[in-house]
Number of protein chains: 2
Amino acid sequence: MNRGLSDPSPFPSRAEKLSERERKREAVLRAAVRAFNARGFHSASLDDVAASLHISKPTIYHYLGNKEQVLLECVTRGLEKLQEAADAAERESGTGLDRLRSFLRRYAEINMDDFGRCVIRTGEEMLSADGARRFRELKSRIDLAMRSLIEEAVGDGSIETTDVKLLAFTLAGALNWPARWHRPDGPLTAEAISATMVDLLTAGIAPRR
Amino acid sequence: MNRGLSDPSPFPSRAEKLSERERKREAVLRAAVRAFNARGFHSASLDDVAASLHISKPTIYHYLGNKEQVLLECVTRGLEKLQEAADAAERESGTGLDRLRSFLRRYAEINMDDFGRCVIRTGEEMLSADGARRFRELKSRIDLAMRSLIEEAVGDGSIETTDVKLLAFTLAGALNWPARWHRPDGPLTAEAISATMVDLLTAGIAPRR
DNA sequence: CAATCAATATACTTGTGAGTAAGTTATATA
DNA sequence: TATATAACTTACTCACAAGTATATTGATTG
């Protein structure tokens with residue numbers, strides 16, 4: 001509650017109220033994505049989500065809209081993180097393989113996070129036609145970014161491959177899967193898993209020496 | 001309809017009636033798994049499934065039981081096929097890597113088939129506690145079979161790896177993913193995809209030369 | 001031939017959960 | 001001070017889909 005650096009007045013300023021709304025919105029979104037991940041989109045009811053925050057269902061509508069909008073906001077968050085990871089990797093130095101590996105590690109980590117996990121676990125059949133289209137478009141951008149990184153690595157000779165598209169699917173598939181089985185309270189951290197998996201995968205991409 | 005080799009009598013024998021029941025049961029199961037895969041378990045209603053066969057919902061209950069039992073039968077079918085593939089691979093000759101590759105190709109193919117695809121797309125949150133437990137057990141057997149094949153390959157030196165468990169997850173993840181994106185009417189056959197993906201993956205497992 | 005069973009249908013019950021209408025209180029604004 | 005608006009609530013509606021009660025028909029069997 002008391003997040004000010006000093007002198008926490010009980011009378012909120014205007015800016016504080018705005019950010020208060022943002023923080024509440026955020027909390028609702030978090031609760032929703034956790035519920036979706038834990039019990040599945042269909043089985044998690046908005047009443048459950050509301051109850052977990054000691055609020056009522058209409059409050060969710062107040063902050064985020066209907067159930068599909070909530071889900072779309074969740075997956076958009078996850079996909080934004082992935083996009084940022086791709087952009088960051090593009091800006092890095094090193095060989096194409098270095099940049100690709102860097103992206104893949106981050107990609108896997110995000111997929112073990114709340115919003116990334118939600119991206120993986122959300123199927124198009126859960127969405128309306130419009131929602132599914134938007135979802136597909138966003139995912140497609142990530143796919144293209146990954147292919148782009150692969151092509152750059154092919155270009156500078158740091159990897160060899162015949163089929164960029166299938167390679168992208170293979171890498172993505174392997175690194176998406178932890179979203180299904182990884183438990184944050186398990187023995188291995190997300191970073192450790194990511195690093196090991198990327199090592200396993202890229203050893204196969206590197207030219208034979 | 002007329003599946004006899006010769007002299008098709010319109011009066012079915014007792015054996016024919018039994019097999020008729022089996023064939024109908026099979027048709028219902030097929031229709032169900034297709035609907036589940038196409039629209040998702042929750043969105044696919046048993047009324048839809050029934051309508052697609054021009055029958056009524058109680059007929060599904062007559063042949064297969066309730067919706068969860070239908071789903072469990074579907075995933076059991078898929079997992080049985082995977083188990084057979086593992087057993088077959090174990091009986092093959094060649095190096096451990098040969099047997100592993102053979103299994104992985106078959107594994108990927110099955111996952112692009114109706115029942116295999118259903119295994120991948122079915123989450124535990126869709127099942128009752130009991131159903132989820134059975135599902136987990138069956139999946140676990142496949143996982144163990146894959147680890148076993150990996151260990152044999154490590155044993156005879158045809159592959160090198162430090163973490164068998166994570167390698168199994170990585171391979172499985174990559175080869176599960178086509179269940180999400182592959183369309184049977186697409187440009188690449190399931191066999192072609194499997195072969196290419198397994199090549200991509202195993203090139204990284206083989207000892208560096 | 002009576003009784004039972006298999007295979008189907010129609011027409012219902014029922015639970016669940018998304019979404020909404022309408023009210024309440026507090027605060028900001030004109 | 002009146003009024004609009006934000007931030008909620010309780011208490012509904014309503015649709016959908018799982019599952020069931022019951023009836024019908026035709027074949028099987030004792």
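Chain naming here is simple, since letters A, B, ... match the order of the sequence lines and numbering starts at 1 in each.
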Requested in this report: Mind checking B:S45 for me? I need base, sugar-phosphate or nothing, with any heavy atom below 4.0 Å counting as a touch.
Outcome: sugar-phosphate
Query raised in the report: Looking at B:R105 and B:E109, does any basic side-chain N land under 4.0 Å from a carboxylate oxygen?
Result: no
Query raised in the report: Counting only distance, no hydrogens or angles, is the base of C:dG19 paired donor-acceptor with the side chain of A:K57 under 3.5 Å?
Result: yes
Query - Euclidean distance, atom CD1 of residue B:I60 to atom C1' of D:dT20 [Å, nearest integer] - result: 15 Å
Requested in this report: Under 4.0 Å between any heavy atoms, over every strand shown, what does B:A50 touch: base, sugar-phosphate, or nothing? Just pick one.
Outcome: nothing
Report summary line: To the nearest angstrom, the CD1-C1' distance between B:I55 and C:dT8 comes to 9 Å
Query raised in the report: Looking across every strand, which nucleic acid part, if any, lies under 4.0 Å from B:H54 by heavy atom: base, sugar-phosphate, or nothing?
Result: sugar-phosphate
Query raised in the report: What does B:S56 touch in the nucleic acid at a heavy-atom separation under 4.0 angstrom: a base, only the sugar-phosphate, or nothing?
Result: base
Report task. Compare side-chain N and O positions of B:H62 against OP1 and OP2 of C:dA7 and report whether any pair is under 4.0 Å apart. Result -> yes
Query - pair A:L79-A:T76: side-chain heavy atoms closer than 4.5 Å - result: no
Requested in this report: Provide, to the nearest angstrom, the distance between the CG atom belonging to B:L53 and the C1' atom belonging to C:dA7.
Outcome: 15 Å
Query raised in the report: Which part of the nucleic acid, if any, lies within contact of A:Y61, taking any heavy atom under 4.0 Å across all strands shown: a base, the sugar-phosphate backbone alone, or nothing?
Result: base
Query raised in the report: Between D:dC16 atom P and B:D48 atom CG, what is the distance in whole Å?
Result: 12 Å
Report task. Round to the nearest Å and state the distance from A:K67 atom NZ to C:dG19 atom P. Result -> 8 Å
**Report entry** Shortest side-chain distance from B:L46, nucleotide among C:dA18, C:dT20, D:dA18
**Finding:** D:dA18
Query raised in the report: For D:dA6, does either OP1 or OP2 sit under 4.0 Å from a side-chain N or O belonging to A:Y63?
Result: no
Query raised in the report: A:E20 CD to C:dA26 C1': how many Å, rounded?
Result: 15 Å
Query raised in the report: Given atom CZ of A:R25 and atom P of D:dA6, what is their separation to the nearest angstrom?
Result: 15 Å
Query raised in the report: Between B:R23 and B:E26, is there a salt bridge with N-O shorter than 4.0 Å?
Result: no
Report task. Classify the nucleic acid contact of A:K24 as base, sugar-phosphate or nothing, counting any heavy atom under 4.0 Å across all strands shown. Result -> sugar-phosphate
**Report entry** Residue-phosphate contact under 4.0 Å: A:R21 side-chain N/O, D:dA6 OP1/OP2
**Finding:** no
Report task. Could you tell me whether the side chains of A:S102 and A:E92 share a donor-acceptor contact shorter than 3.5 Å? Result -> yes
Report task. State whether A:D143 and A:R147 are salt-bridged, where the test is any N-O pair (Lys NZ or Arg NE/NH1/NH2 against Asp/Glu carboxylate O) under 4.0 Å. Result -> yes
Report summary line: Taken to the nearest whole Å, CD/B:Q69 to C1'/D:dG19 is 12 Å
